[in-house]
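Some notes on the structure that comes next.
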Amino acid sequence: MNIFRHFETRIEAALNALVTEGKLPAGLDFTRISVEPPREASHGDLSTNAAMVLSKPAGMNPRTVAELLVAKLRSETSVTEVTIAGPGFINLRLTNEVWLGGVLDVLAAGRAYGASDLGAGKAVNVEYVSANPTGPMHVGHVRGAVFGDALANLLEKVGYRVAREYYINDAGGQIEVLARSAFMRYREALGETITIPEGLYPGDYLMPVGQALAKTHGEKLKAMPDAEWMPIVRDTTMAMMMDLIRGDLAVLGITHEVFFSERSLHQSGAVDAVLKLLDDKGLIYKGVLERPKGDTSDDWEEREQTLFRSTQFGDDQDRALKKSDGSWTYFAPDIAYHFDKFNRGFTSMIDVWGADHSGYIKRVKAAVAAVTDNKAEIDVKVCQMVRLFRDGEPFRMSKRAGDFITLRDVVDEVGKDAVRFMMLTRKNDASLDFDFAKVMEQSRDNPVFYVQYAHARISSVLRKAADEGFDVSEAALAKADLSLLKDEAELGLVKLMGAFPRAIEQAAQAHEPHRIAFALNDLAAGFHGLWNKGKDDAGLRFILADNSDVTMARLALIRAAAHVLAAGLGVLGVEPAEEMR
RNA sequence: GGUCCCGUAGCUCAGCUGGAUAGAGCAUCGGAUUUCUAAUCCGACGGUCACAGGUUCGAAUCCUGUCGGGAUCACCA
């Protein structure tokens, strides 16, 4: 049970009763009413703004509304105290039983704790990574990959039906360049000495492609004209590059259900179809774009192109659909792609992009609005840059041949879990500093370690308790008498756990998985604090040899805390640690 | 020049979609351990929420403008 949500419905019921009794006018809008933990714990357990929100539409003084509502809420059995404070806040204090009941919920739910049906099974398409398939993934892709995956997890957690999707840009000129590069490696595999010309991809990772081509086709391809070997080499290369990328993603624990090919849109005629759709709506014309203001380059020239009227949908200028030579721009198939998502039943889409694509947001939103007649919602999440540091020193990645840090380099050095957690310790639209040393540091300053340590410590205590003869099975812990938990720090941790489902829901609604990382940090702090209280006061230790009832209650508490930590880490895609080494 | 993001404690950042006295970590200073792993904890110090207006019962949060930092711009993908 989500306590905050529960009281939202109780408050609403009380307000409806007041309306029925004629004490409040009918037709009030309750949607802005919220129930949240008060910032100051001394104010109580829950706080609602109901009286302040309703005072104006009801034409009443907020305190008058508050008093009416308070009279109703006093009769709630789980409420021990109701007060009106400040401009009209209503603060509630709840019985310990209510909060402790939440611990039982956690024990019953285990790692699934915090799940809800907020999304009601609605389909959401989350497209992320979508890195160009021209080589292994590099470090610049990691943040978006982790963010998108955690967001997908988060939405699943609250009851959305999530499709994880990767858009393969396999139709552009770069793919031809890639194929030519692979062809060089093919000749190399056949014994030629080659030098990769300027403009082609020099990376070693194409050597296996060349070898595979040589093995399958022998010398045959060499005898063919370009136009004949190109599709063969291209398809083999694409397939192998996508295998490479899938392998890279697997290292991060990421699996997409759908890999959607841009090329397939061209082949199926979907691009032509969606452009015709836009044309029929009168949203396409031939015209010339103005030179961007402030652009002083010499290579600017006017050209007539096929343009989409994205300005009608809030974009800053109309956007080119066709190049001056008549071929499609990247934008055209992208419209077709989003239209395809819509036709597959996704009225809710999320795209995760790097900051360098932020200028592209408005046109895609415009296009989605246009082709779906505003029947789909699209949110574009932009991940700002990651700056790499080693021991506090930034290091630059030169773009020179093959000299970049790959995703695997990073994961090999610090591990999947640390990478994932660290990437989610900042909100997506702020830039993030990633320090290899800091990620591995074993200190309070490193949230990855701090949260994992809390979980490992709990596991350690439970192992120890088992050694001492306590039954730490879930069934036994669920029967513990939780009313023996009376210390403020114990109840504090209990309340923190009770607030977790709310944190999940709010993070999901905001599309902000980083909030989970912060919630976990808070939970870990709550636990570490409690642990240390047991050092000052031996009576507060979890394991009391002479009091098995209290011991069982405390073991149940920390078991639940471990579940909540694991639940949150699960959303982030991180495995909880059983021990620290 | 346009667009997008950022600007909160000395540093790195949260701030629950407009609520109460703006919070953490690091750093500095002072404490706690014969341990259920001190890899931790407790306390103190530290703020003109970049600046100026506006919206309202109420603004770090929303709007306008200014300043500073970053990204981006037209047939690349």
Side-chain angles (χ1 to χ4, degrees), chain A residues 32 34 36-40 43 47 49 52 55-56 61-62 85-89 91 130 132 134 169 171-175 262 289-297 299-303 305 315-317 320 322-331 334 354-362 382 384-385 425-433 438 441-447 449-450 453-454 456-458 460-465 468 499 502-503 505-507 509-510 512 514-515 517-519 521-522 525 528-536 538 541-544 554-555 558 579-580:
Chain A
R32 284 183 58 224
S34 67
E36 48 190 67
R39 183 170 301 168
E40 192 69 39
H43 289 145
S47 174
N49 61 355
M52 286 178 290
S55 70
K56 200 167 193 180
N61 183 308
F89 288 102
N91 294 322
S130 299
N132 289 338
T134 54
N169 301 130
Q174 54 168 356
I175 298 303
E262 178 188 356
L289 288 175
E290 284 179 25
R291 181 193 190 99
K293 286 180 180 158
D295 179 80
T296 52
S297 56
D299 56 357
W300 172 264
E301 52 183 279
E302 285 195 351
R303 28 185 181 241
Q305 293 170 283
D315 200 357
D316 313 304
Q317 61 170 278
K322 283 188 179 179
K323 305 174 192 172
S324 49
D325 69 2
S327 63
W328 298 117
T329 62
Y330 174 80
F331 184 37
D334 217 7
D356 52 341
H357 285 62
S358 56
Y360 203 74
I361 296 174
K362 285 187 179 179
V382 167
Q384 291 293 325
M385 308 200 53
T425 54
R426 290 282 175 275
K427 59 183 171 214
N428 59 289
D429 43 18
S431 64
L432 182 151
D433 293 349
K438 180 60 64 66
E441 194 175 285
Q442 302 201 328
S443 78
R444 175 71 175 99
D445 196 24
N446 175 8
F449 166 78
Y450 187 70
Y453 182 38
R457 237 180 184 177
I458 293 172
S460 171
V461 173
L462 290 170
R463 280 194 297 270
K464 169 113 180 163
E468 295 186 10
R502 182 171 182 272
E505 285 192 356
Q506 292 198 321
Q509 279 170 327
E512 290 186 348
H514 77 276
R515 292 190 194 180
F518 283 92
N521 206 60
D522 290 346
H528 285 306
L530 184 56
W531 195 94
N532 275 276
K533 269 192 114 175
K535 269 187 330 194
D536 296 338
R541 294 192 173 195
F542 302 127
I543 301 172
L544 301 176
R554 288 179 182 168
L555 292 177
I558 62 171
E579 57 182 334
M580 306 305 287

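Order of the sequence lines fixes the chain letters, A, B, ..., with proteins taken first and strands second; residue numbering starts at 1 for each chain.
Comparing the P positions of B:G23 and B:C29 gives an interatomic distance of 25 Å, to the nearest angstrom. Rounded to the nearest Å, the gap between the C1' atom of B:U61 and that of B:U17 is 8 Å. Here, B:G15 and B:C5 have their P atoms 16 Å apart, quoted to the whole Å. B:U8 and B:C75: their P atoms are spaced 36 Å apart (whole Å). Comparing B:G31 with B:G18, their P atoms are spaced 46 Å from each other, to the whole Å. With C1' as the reference atom, B:A14 and B:C26 are 14 Å apart, rounded to whole Å. As rounded to the nearest Å, B:A22 and B:G58 have C1' atoms that lie 15 Å from one another. Nucleotides B:A9 and B:A24 are separated by 11 Å at their C1' atoms, to the nearest Å.
Contact between the side-chain N/O atoms of A:His514 and the OP1/OP2 oxygens of B:G15 is found at a separation under 4.0 Å. The phosphate of B:U40 has neither OP1 nor OP2 within less than 4.0 Å of any side-chain N or O from A:Lys535. Dashed line: the shortest gap from a side-chain N or O of A:Lys427 to OP1 or OP2 of B:G15 is under 4.0 Å.
In this structure a side-chain-to-backbone donor-acceptor pair under 3.5 Å is missing from A:Asn169 to A:Asn132. Between the A:Asn446 side chain and the A:Glu441 main chain, a donor and an acceptor come within less than 3.5 Å of each other. Side-chain N or O atoms of A:Ser324 include none that pairs as donor or acceptor with a backbone N or O of A:Arg303 at under 3.5 Å. In this structure, A:His528 contributes its side chain and A:Tyr453 its backbone to no donor-acceptor pair below 3.5 Å. A donor-acceptor pair under 3.5 Å is absent between the side-chain atoms of A:Asn91 and the main chain of A:Ser47, judged by distance alone. Looking only at distances, a side-chain donor or acceptor of A:Arg554 sits under 3.5 Å from a matching main-chain atom of A:Arg541.
Of the candidates B:U56, B:U17, B:A20, the closest approach to any side-chain atom of A:Lys56 belongs to B:U56. Comparing B:U12, B:C75, B:C36 by their closest approach to the side chain of A:Lys323 singles out B:C75. The nucleotide whose nearest atom lies closest to any side-chain atom of A:Phe542 is, among B:C41, B:C75, B:C36, B:C36. Out of B:G15, B:G25, B:U40, the shortest distance to the side chain of A:Asp445 is found at B:G25. Distance from the side chain of A:Pro87 is smallest for B:C57 among the nucleotides B:C13, B:A77, B:C57. Of the candidates B:A20, B:A77, B:C36, the closest approach to any side-chain atom of A:Arg541 belongs to B:C36. Listed candidates were B:A20, B:G15, B:C36. Nearest to the side chain of A:Ser47 is B:A20. Nearest nucleotide to the A:Asp316 side chain, out of B:G15, B:U3, B:A20: B:U3. Ranking B:A77, B:A20, B:C26 by closeness to the A:Arg444 side chain, first place goes to B:C26. You'll find that the side chain of A:Ser460 is closest to B:C36, out of B:C36, B:U17, B:A14.
Between A:Ala456 and A:Glu579 the shortest heavy-atom distance is CB-CA, 3.7 Å.
The residue A:Asn61 sits apart from the nucleic acid: no heavy atom pair falls under 4.0 Å. Here A:Arg463 lies out of heavy-atom contact (under 4.0 Å) with every strand. Residue contacts for A:Thr425: at a heavy-atom cut-off of 4.0 Å it reaches no nucleic acid atom on any strand shown. Using a 4.0 Å heavy-atom distance criterion, A:Gly173 is classed as a sugar-phosphate-only contact. Within the 4.0 angstrom heavy-atom criterion, only backbone atoms of the sugar-phosphate kind lie near A:Lys362; the bases stay farther away. Nucleic acid contact for A:Gly172: sugar-phosphate only, since backbone atoms but no base atoms lie under 4.0 Å from a heavy atom of the residue.
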Can you give me the N/O atom pairs linking the protein to nucleotides 63-74 of chain B at distances under 3.5 Å, or say none if there are none?
residue: B:A71; atom: O2'; partner: A:Ala355; partner atom: O; Å: 3.3
residue: B:A74; atom: OP1; partner: A:Arg319; partner atom: NH1; Å: 2.6
residue: B:A74; atom: O2'; partner: A:Arg303; partner atom: NH2; Å: 2.9

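More than 12 non-hydrogen atoms from other residues, nucleotides or ligands lie less than 6.0 angstrom from CE of A:Met580. Summarising the local packing, CD of A:Glu290 is surrounded by 12 or fewer heavy atoms from other residues, nucleotides or ligands at distances under 6.0 Å.
Between A:Phe331 and A:Tyr360, the two ring planes are perpendicular [angle over 60°; tilted spans 30° to 60°].
Put simply, CD1 on A:Ile361 is 10 Å from C1' on B:U3, counting in whole angstrom units. Following rounding to the nearest Å, A:Asp522 (CG) and B:C41 (P) show an atom-to-atom distance of 12 Å. Note: CG (A:Asp536) to P (B:U34) measures 10 Å, nearest angstrom.
For the residue pair A:Asp445/A:Ser443, the side-chain donor-acceptor check at 3.5 Å is not satisfied.
Helical stems in RNA chain B, defined as runs of 3 or more consecutive Watson-Crick or G-U wobble pairs with both donor-acceptor distances under 3.5 Å, are listed by first residue as B:1-7 with B:67-73, B:10-13 with B:23-26, B:28-32 with B:40-44, B:50-54 with B:62-66.
Place A:Ala456 and A:Asp433 on RNA chain B by their nearest nucleotides, and A:Asp433 ends up nearer the 5' end. Between A:Arg502 and A:Val461, the one whose closest nucleotide on RNA chain B sits nearer the 5' end is A:Arg502.
Between A:Lys322 and A:Trp328, the closest side-chain pair of non-hydrogen atoms falls below 4.5 Å.
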